[in-house]
Asks: 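Here it is: the structure, laid out below.
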Number of protein chains: 4
Amino acid sequence: MGKLTINKQKKKDSILNTAFELFTTKGIVKTSISDIADSAGVAKGTFYLYFKDKYDLKNKLVSYKSSQLFKTAVTNMEKQNLSNLEDKIIFIVDDIINQLKSNKILLSFIAKNLSWGIFKNVITADTEADNEDNSFREIYYKMLSEENFEIEEPEIMLFLIVELVSSTCYSAILYNEPTEFEKIKPFLYNSIRSIIWNHKNK
Amino acid sequence: MGKLTINKQKKKDSILNTAFELFTTKGIVKTSISDIADSAGVAKGTFYLYFKDKYDLKNKLVSYKSSQLFKTAVTNMEKQNLSNLEDKIIFIVDDIINQLKSNKILLSFIAKNLSWGIFKNVITADTEADNEDNSFREIYYKMLSEENFEIEEPEIMLFLIVELVSSTCYSAILYNEPTEFEKIKPFLYNSIRSIIWNHKNK
Amino acid sequence: MGKLTINKQKKKDSILNTAFELFTTKGIVKTSISDIADSAGVAKGTFYLYFKDKYDLKNKLVSYKSSQLFKTAVTNMEKQNLSNLEDKIIFIVDDIINQLKSNKILLSFIAKNLSWGIFKNVITADTEADNEDNSFREIYYKMLSEENFEIEEPEIMLFLIVELVSSTCYSAILYNEPTEFEKIKPFLYNSIRSIIWNHKNK
Amino acid sequence: MGKLTINKQKKKDSILNTAFELFTTKGIVKTSISDIADSAGVAKGTFYLYFKDKYDLKNKLVSYKSSQLFKTAVTNMEKQNLSNLEDKIIFIVDDIINQLKSNKILLSFIAKNLSWGIFKNVITADTEADNEDNSFREIYYKMLSEENFEIEEPEIMLFLIVELVSSTCYSAILYNEPTEFEKIKPFLYNSIRSIIWNHKNK
DNA sequence: GATGAATGAGCATTCATTCAT
DNA sequence: CATGAATGAATGCTCATTCAT
């Protein structure tokens with residue numbers, strides 16, 4: 001990477017970090033491009049050299065932050081010696097939930113902005129542009145293939161789990177609604193196990 | 001009701017209906033109060049006689065539309081002679097899903113704007129201010145009491161079902177993601193049955 | 001006065017009192033006719049039965065409050081047995097200043113809104129529509145006639161005194177600018193005595 | 001100064017001049033920011049690049065115009081060979097009054113908006129940001145020090161003179177109230193001489 | 001590539017005034 | 001007399017976007 005390119009990346013990163021800060025404190029609608037440029041210490045025009053508009057920036061942020069979440073969880077999971085699919089999935093879910101519990105700002109940001117559409121990109125794409133990591137999708141299918149039974153409709157299963165987890169986390173962790181998350185957790189994890197069980201090709 | 005009062009209600013309803021139309025076609029952010037007032041055929045100032053701002057109006061709309069959905073589903077369910085809790089709940093879920101499938105605009109509007117916070121109001125309040133209907137919460141507990149087993153943490157169970165259904169519907173019905181809804185349906189309903197089963201106090 | 005007329009007067013007084021309250025707390029520009037009507041407990045339309053607009057009301061308030069000030073001061077002065085013009089005028093000035101010092105809200109309101117144009121009406125008109133009081137102008141000329149010397153240009157003398165007193169009071173009593181009023185007072189009163197002396201026809 | 005900086009100053013000046021014109025013809029309340037921007041030939045948004053709001057602009061105008069008045073009067077006074085304080089002060093007062101008599105629009109604008117608070121800034125600050133002029137306050141104290149007697153409470157003396165002159169000018173010059181200014185003038189100037197005399201430390 | 005002054009469309013909100021009841 | 005719902009012009013202010021430097 002040339003010096004210039006490094007400088008460019010610095011600017012872009014500065015905008016990304018500043019924007020995350022502002023989005024999560026002021027809200028996306030109330031954050032203007034002026035705000036971002038000012039806080040990032042770049043000129044307003046510079047913003048447009050890197051992002052189409054505020055929502056382009058937002059989507060890139062959501063993808064990046066979400067993929068980091070998965071990457072970390074998978075890395076941690078692989079250190080364990082888990083023998084079956086249910087345990088592996090529950091571990092990943094649990095790890096992600098723990099990350100979010102200790103970073104409620106991130107939870108709020110992701111929950112409000114993550115749709116299945118964006119999520120598909122997240123799990124399909126390599127987590128970083130220029131690295132050797134496998135995508136989460138590949139890891140997922142590898143996990144499935146290691147079992148001695150087959151999973152029917154693995155995409156649907158993943159979908160059900162992701163939607164259930166993300167929507168319940170948001171309400172329960174951030175607002176204790178309908179009750180504190182710890183009380184919901186056993187039922188949630190049982191539900192996940194049931195979902196997996198329902199997809200087992202018997 | 002005096003002539004004036006009727007006229008007032010007419011104006012308010014006109015604004016509500018117009019706003020729903022605009023919110024679902026242009027989106028809430030892009031719909032201005034001018035748009036609403038113009039389309040509703042009232043002066044801009046009139047809007048402020050009935051609503052605090054755009055978001056006050058939005059919340060009132062979400063509540064109203066959601067409660068209608070439940071009211072219809074429960075009414076239909078009661079006409080059946082369903083003997084057990086799972087069947088009743090699945091029936092209600094299925095009825096609501098059918099309503100939403102035939103009214104995708106409504107689905108889009110509710111899914112984007114219904115949080116558990118608003119939902120709590122919806123199921124607690126009578127569906128209409130001055131009528132004899134029971135709230136959905138009452139109906140739900142009555143349903144539970146008619147079984148010869150007990151449900152552990154009924155609020156959590158309701159929460160899990162509602163979050164799972166609403167988040168999967170949105171993506172699957174509107175965008176066929178991860179696949180068409182009909183393929184997801186059996187797994188979804190099985191998941192719901194599992195969730196209920198997990199809450200049975202054995 | 002008929003019952004109806006009494007009721008009307010009540011409404012009018014209610015508007016006047018409420019408006020004074022609002023004008024002095026929120027400021028005249030930021031007080032709307034709605035504010036006044038709401039606080040006074042009358043309908044918005046009713047306002048227009050009694051006043052042309054906000055500024056009509058304001059002028060009537062200024063006149064009324066100012067004339068009360070003078071009336072009180074003159075009444076107190078007449079109880080004293082003051083033998084010469086300087087002492088009488090200084091007494092009146094001092095009495096008014098004391099009233100204003102103990103009612104800074106009133107001072108603020110009058111100072112901001114009293115122009116010589118309004119003041120002329122105040123000193124010319126009877127203090128109340130239907131009573132036997134003399135106007136301040138008559139009292140002033142009677143005071144002058146009781147001296148054994150003549151005052152040259154009595155209107156100019158009154159003008160100079162009123163302008164000097166009112167502009168210095170505002171700044172000194174309310175904001176202690178350029179310094180606390182008590183320190184300015186002896187110089188102010190000496191200035192007034194000098195002004196009177198300058199108008200003595202020698 | 002770069003081309004850009006010159007252009008910026010031009011824009012700002014254009015807004016200032018236009019605003020003065022509008023404030024003095026339509027009044028401040030009735031002058032909208034749109035009016036100012038339109039007349040100045042700039043976009044509405046440009047206004048906000050230079051001023052916080054209408055009242056920020058107004059205060060800057062009052063300060064600037066007042067300081068110009070004093071600067072001119074002092075310059076003229078210094079050309080005379082006046083030997084004593086009274087004559088110097090009367091000369092300055094007279095010069096300012098003459099400026100105002102020939103520029104009634106300016107008189108009206110300053111009289112309505114100059115408070116002692118703003119005046120203090122005017123006499124303290126250098127008349128222009130980056131020049132060698134002394135502030136009026138320095139000039140005033142230098143004048144006092146050249147006398148062979150002492151002035152007690154010079155701030156109060158200045159205050160009394162300024163308040164007396166400004167409030168009488170407004171009414172007399174603009175509205176001939178209570179009578180034409182030329183008839184009031186001798187009494188006013190005598191009053192000023194008396195005020196100075198009262199502050200002489202005898 | 002980077003800047004930031006300038007733009008002007010666009011928006012929410014207020015409020016004096018009217019008039020049918 | 002009194003009401004208060006309805007009006008819609010008017011205003012302050014924001015902000016994404018452009019473009020000359």
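Residue numbers begin at 1 in each chain, while the letters A, B, ... track the order of the sequences.
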Asks: Does CG belonging to B:L49 count more than 12 external heavy atoms closer than 6.0 Å?
Replies: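 More than 12 heavy atoms, drawn from other residues, nucleotides or ligands, come within 6.0 Å of this atom.
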Asks: Using whole Å, report how far CG of D:D38 lies from C1' of F:dA10.
Replies: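 Going from D:D38 (CG) to F:dA10 (C1'), I get 13 Å.
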Asks: Could you check whether any side-chain heavy atom of C:Y50 comes within less than 4.5 Å of a side-chain heavy atom of C:L57, counting everything from C-beta outward?
Replies: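 Contact flag for C:Y50/C:L57 side chains = no.
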Asks: Using whole Å, report how far NZ of D:K12 lies from P of E:dA5.
Replies: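 Those two atoms, NZ and P, are 13 Å apart.
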Asks: Under 4.0 angstrom, heavy atoms only, what part of the nucleic acid is C:Y50 near: base, sugar-phosphate, or nothing?
Replies: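 Sugar-phosphate contact only - C:Y50 comes under 4.0 Å of backbone atoms but never of a base.
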Asks: If a protein heavy atom is under 4.0 Å from the base, mark B; if only from the sugar-phosphate, S; if neither, -; do that for nucleotides 13-19 of chain E going 5' to 3'.
Replies: BBSBBB-
Asks: How far apart are the C-alpha atoms of D:T31 and D:K54, what are their side-chain angles, what is the distance that settles it, and do they pass the side chain to side chain donor-acceptor pair (under 3.5 Å) test?
Replies: CA-CA 9 Å; D:T31 299; D:K54 202 163 64 176; over 6 Å; no
Asks: Using atom CZ of A:F47 as one end and atom P of E:dG1 as the other, report the distance to the nearest whole Å.
Replies: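 Those two atoms, CZ and P, are 16 Å apart.
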Asks: May I have the distance from D:Q9 (atom CD) to E:dA5 (atom P), rounded to whole angstrom?
Replies: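 Atom CD in D:Q9 sits about 14 Å away from atom P in E:dA5.
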Asks: A:L49 has an atom CG; how far is it from atom C1' of E:dG4, in whole Å?
Replies: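 So the CG-C1' distance, A:L49 to E:dG4, works out to 13 Å.
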Asks: Among residues two or more places apart or on two chains, list those pairs meeting salt bridge (charged side-chain N to carboxylate O under 4.0 Å, His left out) that have a residue in residues 19-28 of chain C.
Replies: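 Applying salt bridge (charged side-chain N to carboxylate O under 4.0 Å, His left out) to every pair that reaches into residues 19-28 of chain C, excluding sequence neighbours, yields C:K26-C:D35.
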Asks: What is the distance, to the nearest angstrom, from the OH atom on A:Y55 to the C1' atom on F:dC15?
Replies: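 Answer to the nearest Å: 12 Å.
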Asks: Donor-acceptor check, side chain of D:S63 to backbone of D:K60, threshold 3.5 angstrom: yes or no?
Replies: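 A pair under 3.5 Å: no.
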Asks: Report yes if some heavy atom in the side chain of B:L114 is under 4.5 Å from a heavy atom in the side chain of B:S66; otherwise report no.
Replies: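 B:L114 vs B:S66: side chains touch.
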Asks: Is a side-chain N or O of B:S39 found less than 3.5 angstrom from the main chain of B:T18, in a donor-acceptor match?
Replies: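 Between the backbone of B:T18 and the side chain of B:S39 there is no qualifying donor-acceptor contact (under 3.5 Å).
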Asks: Without decimals, in angstroms, what is the distance between C:I36 CD1 and F:dG4 P?
Replies: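 Nearest whole value for this atom pair: 17 Å.
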Asks: Quick one: are A:I28 and A:N113 in side-chain contact, heavy atoms under 4.5 Å?
Replies: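 A:I28 vs A:N113: side chains touch.
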Asks: Between the two ends of the helix from E:dA2-F:dT21 to E:dT21-F:dA2, what is the bend in degrees, rounded to 10 degrees, where each end axis spans five pairs?
Replies: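 Nearest ten degrees gives 0° for this helix.
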Asks: Does C:A43 or B:K11 map to a spot on DNA chain F nearer the 5' end, using the closest nucleotide for each?
Replies: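 Nearer the 5' end of the strand: C:A43.
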Asks: Nearest whole angstrom, please: distance from the P of F:dC13 to the CG of D:D56.
Replies: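 It is 11 Å, rounded to the nearest whole Å.
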Asks: Is there a side-chain contact between B:W116 and A:Y170 (heavy atoms, below 4.5 Å)?
Replies: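 Side chain of B:W116 against side chain of A:Y170, heavy atoms only: no contact under 4.5 Å found.
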